[in-house]
Amino acid sequence: MARDKLDAKQVQEALAGLEGWRLADDGKAIERRFTFSGFNEAFGFMTRAALAAEKLDHHPEWTNVYRTVDVRLTTHDAGGLTELDVKLAKRMNAFAGR
Ligand SMILES: C[C@H](O)[C@H](O)[C@H]1CNC2=NC(N)=NC(=O)C2=N1
């Protein structure tokens with residue numbers, strides 16, 4: 001099930017396919033900083049990611065300062081990482097073009 005918590009091995013395997021993301025909070029979350037050419041590009045990324053999050057019913061914890069967006073993903077209901085975090089991270093990488 002999408003909201004089943006991933007075990008350590010599954011997390012390592014998922015991270016291998018997630019360029020730029022790193023483990024955080026003792027493996028309970030993944031994080032990445034995205035840097036864009038300007039604020040409009042950063043906000044455009046956030047807009048697309050927000051629509052994807054709504055579609056997945058799975059939402060990021062993120063901060064935006066001018067052209068950077070810092071993202072933290074975890075599944076609150078599971079108290080750790082699930083397939084949904086991996087899926088959203090992959091979509092974010094695609095929106096950012098990397
Ligand atoms: C009821 C619950 O809030 C919803 O199922 C969704 C909303 N978005 C969510 N986002 C994240 N990151 N974790 C959740 O557990 C989660 N739950």
Side-chain angles (χ1 to χ4, degrees):
M1 218 277 269
R3 285 192 192 279
D4 291 338
K5 203 163 126 184
L6 300 177
D7 64 32
K9 184 170 175 295
Q10 289 172 311
V11 169
Q12 285 311 323
E13 283 164 3
L15 269 180
L18 280 176
E19 184 205 336
W21 290 81
R22 64 178 185 276
L23 221 43
D25 294 343
D26 295 332
K28 287 192 172 38
I30 52 174
E31 291 180 342
R32 176 170 188 174
R33 166 165 288 188
F34 292 92
T35 303
F36 298 92
S37 53
F39 176 73
N40 283 355
E41 291 71 22
F43 196 75
F45 163 81
M46 294 179 81
T47 303
R48 295 182 68 186
L51 294 173
E54 265 305 280
K55 215 166 166 183
L56 288 168
D57 186 27
H58 193 70
H59 303 84
E61 298 164 19
W62 48 5
T63 50
N64 160 241
V65 177
Y66 183 48
R67 61 199 190 103
T68 64
V69 181
D70 289 315
V71 185
R72 180 181 184 274
L73 298 177
T74 186
T75 302
H76 306 122
D77 296 348
L81 288 167
T82 68
E83 263 314 306
L84 288 169
D85 298 303
V86 180
K87 210 171 265 180
L88 185 54
K90 280 189 178 145
R91 291 193 189 175
M92 286 184 163
N93 279 7
F95 296 147
R98 62 202 87 152

For Trp62, run the side-chain contact (heavy atoms from CB on, under 4.5 Å) check against Met92, Glu31, Arg72, Arg32 and tell me which one passes.
Met92
Hey, does Val86 have a side-chain heavy atom less than 4.5 Å from the side chain of Leu6?
yes
Between the CG atom in Leu18 and the CD atom in Glu13, the distance rounded to the nearest 0.5 Å is 12.0 Å
With salt bridge (charged side-chain N to carboxylate O under 4.0 Å, His left out) as the criterion, how do Asp77 and Lys5 come out once you've worked through the C-alpha distance, each side chain's angles and the decisive distance to 0.1 Å?
CA-CA 9 Å; Asp77 296 348; Lys5 203 163 126 184; over 6 Å; no
State, yes or no, whether a side-chain contact exists between Phe43 and Val69 at a heavy-atom distance under 4.5 Å.
no
Do Glu19 and Asn93 come within less than 4.5 Å of each other through their side chains, counting heavy atoms only?
yes
Step by step, work out the salt bridge (charged side-chain N to carboxylate O under 4.0 Å, His left out) result for Glu83 and Lys87.
CA-CA 6 Å; Glu83 263 314 306; Lys87 210 171 265 180; 5.9 Å; no
Min side-chain heavy-atom separation Thr82-Asp4 under 4.5 Å:
no
Between His58, Glu61, His59, which is the residue that forms a side chain to side chain donor-acceptor pair (under 3.5 Å) with His76?
Glu61
On a heavy-atom basis, which atom in Ala49 and which in Leu88 lie closest, and how many Å separate them?
O-CD1, 4.4 Å
Report yes if some heavy atom in the side chain of Arg3 is under 4.5 Å from a heavy atom in the side chain of Leu84; otherwise report no.
yes
Going by an N to O cut-off under 4.0 Å, is there a salt bridge joining Lys90 and Asp85?
no
Between CZ of Phe45 and CG of Asn40, what distance do you get to the nearest 0.5 Å?
15.0 Å
I'd like to check Arg91 versus Arg48 (side-chain heavy atoms, cut-off strictly below 4.5 Å). Are they in contact?
no
With a 3.5 Å distance limit and no angle check, can you tell me whether Asp26 reaches the backbone of Lys28 through a side-chain donor-acceptor pair?
no
Find out whether Phe34 and Thr68 are in side-chain contact, i.e. whether some heavy atom of one side chain is under 4.5 Å from a heavy atom of the other.
no
In Å and rounded to the nearest 0.5 Å, what is the CD to CE distance from Glu41 to Met46?
14.0 Å
Could you grab the distance from atom OG1 of Thr63 to atom CZ of Arg33, nearest 0.5 Å is fine?
7.5 Å
For Phe39, is there any backbone N or O sitting under 3.5 Å from a side-chain donor or acceptor partner on Arg67?
no
Specify the closest pair of heavy atoms between Leu81 and Gly27, including all atoms of both residues, with the distance to one decimal.
CD1-O, 3.4 Å
Quick one, Asp25 and Thr74 - any side-chain contact, counting heavy atoms below 4.5 Å?
no
